[in-house]
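Every number for a ligand or one of its atoms is a count from 1 in the order of the listing. All values below were derived from every heavy atom in this structure, side-chain atoms included, with hydrogens, water molecules and symmetry-related copies excluded.
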Amino acid sequence: MSYETVRASDSDVADALTAERKRQNGTLTLIASENHVSEAVLAAQGSELTNKYAEGYPDSRYYGGCEHADEVEKLAIERANALWGAEHVNVQPHSGTQANMSVYLAMLDAGDRILSLELNDGGHLSHGHPANFTGQTYDIEHYHVDEETGYIDYDALEAKAHDFDPDIIVSGYSAYPRDVEWERVQEIAEAVDAYQLADIAHITGLVAAGVHSSPVGIADFVTGSTHKTVRAGRGGVVMCQAEYADAIDSSVFPGSQGGPLMHNIAGKAVGFGEALEPEFETYAQQVVDNATALGERHSEHGFSLVSGGTDNHLVLVDLRESHPDTSGKDAETALERTGIVLNANTVPGETRSAFNPSGIRIGTPAVTTRGFDETTIREVADLIARVIDSPDDETVAAEVSQRVDELTESFPLYD
Ligand code: DSN
């Protein structure tokens, strides 16, 4: 795809888009929530469906001219059903947070109680952070990971559920490297007459490919985003048991959204179709294998990993023991100048701040899309370790930067 059409009318935006393409091509994206969609998904998201209002649902819209919007949304739904196997799916949420919002609005009243993992331990803003509408609307209590093991402390979660008597227990996380015991959380939820909302935003693709356990059929509600591991472009999705279908659909539209972003739903349809191809399972398995190899190599370098490793697409490095004078933000900044892009992240028992935390989160979905395997990812771990060991050394930075250039040229994106 070329930006010449944009340039003909707006050279400022064309320059920024061209520079962003160059940045993505020339750097290693290790942000665990990012990925690179196919050109087909990009094209679908840039289609004329951006012009179309289609409030309502397929075959029941509030506007005329929706026949092709209907076709696209039905395809997205059909393919989502084939990927995740839920009793009901709604593909209209604009984002993962909107998907979560639709569940809260459908099932809770203001002041009702949500029990969720704290942000510092790997949760998400939309799980009840005070700065988010969830923290401002509902009564929030958090459970935690065990600081020693880095694993969710399910016994403590159970005890807290009995004390707090929540209406919803949120499982599924943004910075948690381990598999989740969905059945255990569901048992706890049922014992206290609460719903389980499993937010699989990060692992939608891994779950679809069967390389991560699935909460579908176990949790009452499952939400996800579509631009992370499933590579279907920006957006959200919400799934539920049939009995909640009407409540969820009304909560998405008209409850919390107006017109669906039909161009994004076209991207979802295309990306879900790609994820149904057999190669997607190979990709998803490679994402996990790469994260495992990356974690092992970091351990060999003396880095401490939260939970000691990973079962999914990310590793969380706690720098406090190995590099007490280097914060996650220092590491992020030093790495970014070499073309390695990841994010600073809080760690369990955080002793710094959310903006300048003690850890880094490293994810493999995007580099796996560009073709990296265990050998390449081990070298990436070596490069990361070199930079973090000597964050101010300009010679190291120049050498790592040169190697990143060579790697990105060998594994190009978007020719
Ligand atoms: N911002 C995303 C992440 O990085 O995990 C979640 O919404």
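- A salt bridge links Glu73 and Arg61; the closest N-O separation between the charged side-chain nitrogens and carboxylate oxygens is under 4.0 Å.
- Note on Arg337 versus Glu394: salt bridge recorded, some NZ/NE/NH1/NH2 to OD/OE distance being below 4.0 Å.
- No salt bridge links Glu71 with Lys74; every basic N to acidic carboxylate O contact stays at or beyond 4.0 Å.
- Interface atoms of ligand 1 facing Ser174, defined by a heavy-atom separation under 4.0 Å, are 5 (O).
- In this pair, Tyr244 and Phe221 present their aromatic rings tilted. The plane angle is within the 30 to 60° band.
- The aromatic rings of His323 and Phe303 sit tilted relative to each other, their planes meeting at an angle between 30° and 60°.
- Nearest to atom 5 (O) of ligand 1 among the protein's heavy atoms is His202 NE2, 2.7 Å.
- At a 4.0 Å cut-off, not a single heavy atom of Glu34 sits close enough to ligand 1 to count as contact.
- At the shortest separation from atom 3 (C) of ligand 1 among protein heavy atoms lies Ser33 OG, 3.3 Å.
- Of the heavy atoms in Arg361, only side-chain atoms (C-beta onward) come closer than 4.0 Å to ligand 1.
- Protein heavy atom at the shortest distance from atom 7 (O) of ligand 1 is His124 NE2, 2.9 Å.
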